[in-house]
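Heads up, the thing below is written out as structure tokens.
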Amino acid sequence: MTWPGTGMSPERNLTRSTRLFEKARRLLPGGVNSPVRAFGAVGGSPLFIRRGDRCWIWDVDGNRYLDYLGSWGPLILGHAHPDVIRAVTEAASLGTTYGAPTEAEVDLAGAVIAAVPSMEQVRMVNSGTEATLSAIRLARAVTGREGIVKMEGGYHGHVDSLLVQAGSGLVTLAIPGSPGIPAETVRQTHAVPFNNLDAMEKCLKENRGGIACVILEPVAGNMGVVPPAPGYLESVRELTERENVLLIFDEVMTGFRVAYGGAQERFGVRPDLTTLGKIIGGGLPVGAFGGSREILSRVAPQGDVYQAGTLSGNPLAMRAGLATLELLRKSSFYQGLEVLSARLETGLRRAAELSGVPICLRRVGSMMSVFFTDREVVDFETARSSDLDRFRVFFHAMLRQGVYLAPSQFEALFVSAAHSGKEIDQTIAAAEAAFREVKENSRPRK
Ligand code: HOZ
């Protein structure tokens, strides 16, 4: 017996992955180096991955999967793109790090600034978390205020002050906040619902004179994918300007993903500060924050706001990023990705409809989420109306058929340029069976 369209047997051999997880649990907290990948929310044992090629990954037992995780977003070109591998290999052959300036970091800074409409200067760091914590520090220094407004369900890495009503791993594992963070640190953080301008306006008015910045993912990606309502980002821009508060777009996920210039290009709204990560490192650890020359002039050594890093601007990451951006600049790149992603969206919708499982599918470009709810998902509250049991059944049914999705309802599915129509159709065929399984599993409750 094989699963339709995949040739994969439902009785996968998972011996090595299972054994490795047992060993990993003795050596690493929860057996992993980042919480969501432990499969805690969906049950079962995580797969240990041995290699990736284009849109495929292979686990250590030799099972092959169509990958829609894309390492949580960086792999817009798919795995092991020859140009990226060549750039990294060449860079590595010259040494892996110097702790001194290199030409590649200047070139990548130039490419990023040319792409992202609101950026005149950028500082390279090592992760999205570092980028957002540095941007927050800068916003506080520039305004001389301490308050932060974030979105309920918004996630900006594991920055102390931003782990309030956070999405991603916190909502996945139902962790309301984190011990170890001083109450004083989060006292200055206010969370308001995404896509709700009135709530933001009320919060800014009530805390007038005390708020340094509003930080948001312009397309929410860590409560699952939730697009901004038409006009929302424009109104947030007007409101923050009126209230004299800095606006930070966390484009770690959306940067170079929803358009070459990120969500700010796609929606035509310019924030004061932008954080980046994922794609600009071509699959190597990276982050960045940037904005106007005036604001960035406050960053050390030009200014007094301290920020530093031994591996910042790492030559391997810079060269991988440059090779990636060069390919993304090709004229039809984003149109091609849009066509593929739209085909997947249409197929998934039809598959759900055929099975009679109500879903709400939200998509912006090549990032999307399927929520198991009959409500329209517009914010954290509606995202959480998704039936997580149904998600679990769907996730495992897809996995057994050789389709690898993020092991959480509150993350995104990423289409890469390495996927083709054939693989999209294969995914849709798998989804038809997976939705049927969801329906069958739902019967007893009705
Ligand atoms: N927090 C990231 C997803 N939104 C990464 C999770 C991981 O790598 O496990």
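Only a predicted model underlies this, so the values are computations on that prediction, with no experimental measurement involved. Indexing begins at 1, ligand by ligand and atom by atom, following the structure's order.
Listed by number with element, the atoms of ligand 1 under 4.0 Å from a non-hydrogen atom of Ser168 are 1 (N), 3 (C), 4 (N). The contact set between ligand 1 and Glu411, taken as ligand atoms under 4.0 Å from a residue heavy atom, comprises 3 (C), 4 (N). Those atoms of ligand 1 with a heavy atom of Tyr155 less than 4.0 angstrom away are 1 (N).
Nearest to atom 8 (O) of ligand 1 among the protein's heavy atoms is Arg37 NH2, 2.6 Å.
Geometric assessment of Arg384 against the ring of Phe380 yields a positive cation-pi assignment under the 6.0 Å and 45° thresholds. A cation-pi contact, defined as under 6.0 Å to the ring centre and within 45° of the axis, links Arg51 to Trp58.
A 6.0 Å sphere centred on OH of Tyr306 holds no more than 12 heavy atoms belonging to other residues, nucleotides or ligands.
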Query raised in the report: Could you go step by step and tell me if Arg137 and Gln307 meet the side chain to side chain donor-acceptor pair (under 3.5 Å) rule?
Result: CA-CA 9 Å; Arg137 182 181 300 152; Gln307 194 286 320; over 6 Å; no

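At under 3.5 Å, not a single nitrogen or oxygen of Lys278, backbone or side chain, sits near a nitrogen or oxygen of ligand 1.
Checked by atom type, the side-chain pair Ser355/Glu432 shows no donor-acceptor distance below 3.5 Å.
Looking at Asn222 against ligand 1, only its side chain comes within 4.0 Å, counting heavy atoms.
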